[in-house]
Amino acid sequence: MRGVALALGGGGVRGYGHLGLLSVLEETGVPIRGLAGSSAGALAACAYAFGHKDPWKVHEAIFDEEVASLRKTGSLRTLARLFSAFRRPALVETKRVAEGLKRLFGEARLEESPIPLAVQAADLLSGEAVVLRQGPVWRAVLASMAIPGLFPPVDWEGRLLVDGDVAEKVPVRAAKALFPKVVAMDVSNPPPQEGPKTALEAALLAGEASRRRLKELALQEADLVIFLEPPFPIDTFDHEKLPLVYDLGRKRAQEHLKDIQALSRVRLKDLLWALPLPGRGPLPPA
């Protein structure tokens, strides 16, 4: 069977670059056989699968002024310095975002998607990746985007779920379970060039370095990796950069189009993968 599955990573507003990539694949007729997304990648995957392909309309649906204002305070590291001053479970409530997701997806469920979908979140208590294949789309996306400390975790069948990036920033394994040929897109900012100025910043940098290493290991399992490579660091909540990241996603897709098309062609091992073998089945729901 021709086509590819896509593993779409997290990155806040940079995740709109995924919709740029998907628009090019649609225009050039590359069959999309599966979509796995984490955090912003989950939003892009679900939006595309259910026909919401205009990034500006998706952005309008979920835009929250309180969340957008976080960037005016500075980077996430700067915000982290303020955590001790708060006596609540999360810095920002997600009621507005949740309502926007409900309007965008309505009563749609993951298992009803015309394109196989996998939304990756993380179990806050165990740290393990939780791949959602069934359930309300809006709630799955909300869970996958719940940045710990900033947004409250989402209760899902007795588990506390948070941002999928905690477990695996680019969900390559989840995508490969949907279809054997995987194109991964990483929309991360480049690593910081300056050292920490405080002990807290040092601790946060260490956590980022660990997640970056886990991401690199995951990307090794993809057949093709596309990096957004923004020309400068783009803040997670800098929504003014939406046009830039969308166009950049399209540009990166066009640069790699020949490789994507070659990967999407039928190969002998793909036919073997499709054969019904004992023990092979769809990714079980979480």
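- Rounding to the nearest 0.5 Å gives a distance of 6.0 Å between CG of L161 and CG of L132.
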Passes salt bridge (charged side-chain N to carboxylate O under 4.0 Å, His left out), R250 versus E27? Steps please. CA-CA 11 Å; R250 287 187 55 86; E27 291 167 4; 3.0 Å; yes
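- No continuous path of ILVMFWY side-chain contacts below 4.5 Å connects V154 to L125, so the two sit in separate hydrophobic clusters.
- Following chains of ILVMFWY side-chain contacts shorter than 4.5 Å, one cannot reach V182 starting from V131, and the two form parts of different hydrophobic clusters.
- I226 places a side-chain heavy atom less than 4.5 Å from the side chain of H256.
- Proximity of L104 to W138: side-chain heavy atoms (C-beta onward) are nowhere separated by under 4.5 Å.
- A salt bridge links D238 with K241: the closest approach of a Lys/Arg side-chain nitrogen to an acidic carboxylate oxygen falls below 4.0 angstrom.
- For the atom pair NZ (K57) and CG (L19), the distance works out to 13.0 Å, reported to the nearest 0.5 Å.
- Aromatic ring pairs are classed by plane angle as parallel below 30°, tilted from 30° to 60° and perpendicular above 60°; the pair H59 and H239 is tilted.
- With sequence neighbours left out, the side chain to side chain donor-acceptor pair (under 3.5 Å) criterion links D123 to R159.
- When side chains are defined from C-beta on, F151 does not count as touching L142, because their heavy atoms never get closer than 4.5 Å.
- Nearest heavy-atom pair across D165 and G10 is OD2-CA, 3.4 Å.
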Trace of the side chain to side chain contact (heavy atoms under 4.5 Å, CB included) decision for Q254 with V24: CA-CA 7 Å; Q254 290 161 349; V24 171; 4.1 Å; yes
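- In this structure the side chain of I234 reaches within 4.5 angstrom of the side chain of V13, judged on heavy atoms.
- When atom types are taken as modelled, the side chain of K176 and the backbone of P180 share a donor-acceptor pair closer than 3.5 angstrom.
- At distances below 3.5 Å, at least one donor-acceptor pair connects side-chain atoms of K181 with backbone N or O atoms of R265.
- Here the side chains of I32 and L35 are in contact, with some heavy-atom distance below 4.5 Å.
- Nearest heavy atom pair, residue C46 against residue V141, reads SG-CG2, 3.7 Å.
- Looking at E229 and R14, no side-chain N of the basic residue comes within less than 4.0 Å of a carboxylate O on the acidic one, giving no salt bridge.
- Interatomic distance, I260 CD1 to L263 CG, rounded to the nearest 0.5 Å: 8.5 Å.
- Formation of a donor-acceptor pair under 3.5 Å by the E221 side chain with backbone atoms of A218 is not found in this model.
- Nearest heavy atoms, P31 versus R2: CG-NH1, 3.5 Å.
- R133 and E111 are not joined by a salt bridge, as no carboxylate oxygen comes within less than 4.0 angstrom of a charged side-chain nitrogen.
- Not one N or O on the side chain of H18 forms a donor-acceptor pair closer than 3.5 Å with the backbone of A40.
- Between the side chain of S23 and the backbone N or O of G20, at least one donor-acceptor pair lies under 3.5 Å.
- In summary, K53 and E26 engage in a salt bridge, as defined by a charged side-chain N under 4.0 Å from a carboxylate O.
- By the side-chain contact (heavy atoms from CB on, under 4.5 Å) test, L124 is found to be paired with P153, L160, V162, residues two or more places apart in sequence or in another chain being considered.
- Between the CZ atom in R109 and the CZ atom in R139 there is a gap of 12.0 Å [rounded to 0.5 Å].
- Judged by distance alone, the side chain of R252 and the main-chain N or O of L21 form no donor-acceptor pair under 3.5 Å.
- Judged purely by atom type and a 3.5 angstrom limit, S39 has no side-chain atom pairing as donor or acceptor with the backbone of G41.
- S188 is linked by a side chain to side chain donor-acceptor pair (under 3.5 Å) to D186, K215, counting only residues two or more places apart in sequence or in another chain.
- Contact record, P190 with P230: CD-CG, 4.4 Å, taken as the closest heavy-atom pair.
- Looking only at side-chain heavy atoms (C-beta outward), M185 and V187 come within less than 4.5 Å of each other.
- In this structure a side-chain-to-backbone donor-acceptor pair under 3.5 Å is missing from S264 to V4.
- Counting all heavy atoms, side chain and backbone alike, P152 lies closest to A146 at O-CB, 3.6 Å.
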Starting from the C-alpha separation in whole Å, work towards a yes-or-no answer on side chain to side chain contact (heavy atoms under 4.5 Å, CB included) for L6 and L25. CA-CA 11 Å; L6 298 179; L25 299 190; 3.9 Å; yes
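- Each of M145 and V170 belongs to its own hydrophobic cluster when Ile, Leu, Val, Met, Phe, Trp and Tyr are linked at side-chain heavy-atom distances under 4.5 angstrom.
- F227 has its side chain within reach of L219: a pair of non-hydrogen atoms, C-beta onward, lies under 4.5 Å apart.
- Of all non-hydrogen atoms in L248 and P231, the two that sit nearest each other are CD2-CD, 4.1 Å.
- Atom CZ in F105 sits 9.5 Å away from atom CG in L110 (nearest 0.5 Å).
- Under a hydrophobic-cluster definition in which Ile, Leu, Val, Met, Phe, Trp and Tyr are linked whenever side-chain heavy atoms come within less than 4.5 Å, directly or via other members, W56 and F50 are assigned to the same cluster.
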Given L43 and I62, is the side chain to side chain contact (heavy atoms under 4.5 Å, CB included) satisfied, shown in steps? CA-CA 10 Å; L43 173 63; I62 68 163; 3.5 Å; yes
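- No side-chain heavy atom of F179 sits less than 4.5 Å from a side-chain heavy atom of P116.
- For the pair S144 (side chain) and V119 (backbone), a donor-acceptor distance under 3.5 Å is absent.
- One distance of note links CD of Q120 with CG of D163; it measures 10.0 Å at 0.5 Å rounding.
- Hydrophobic clustering keeps V172 apart from L8 (ILVMFWY residues linked when any side-chain heavy atoms are closer than 4.5 Å, directly or through intermediates).
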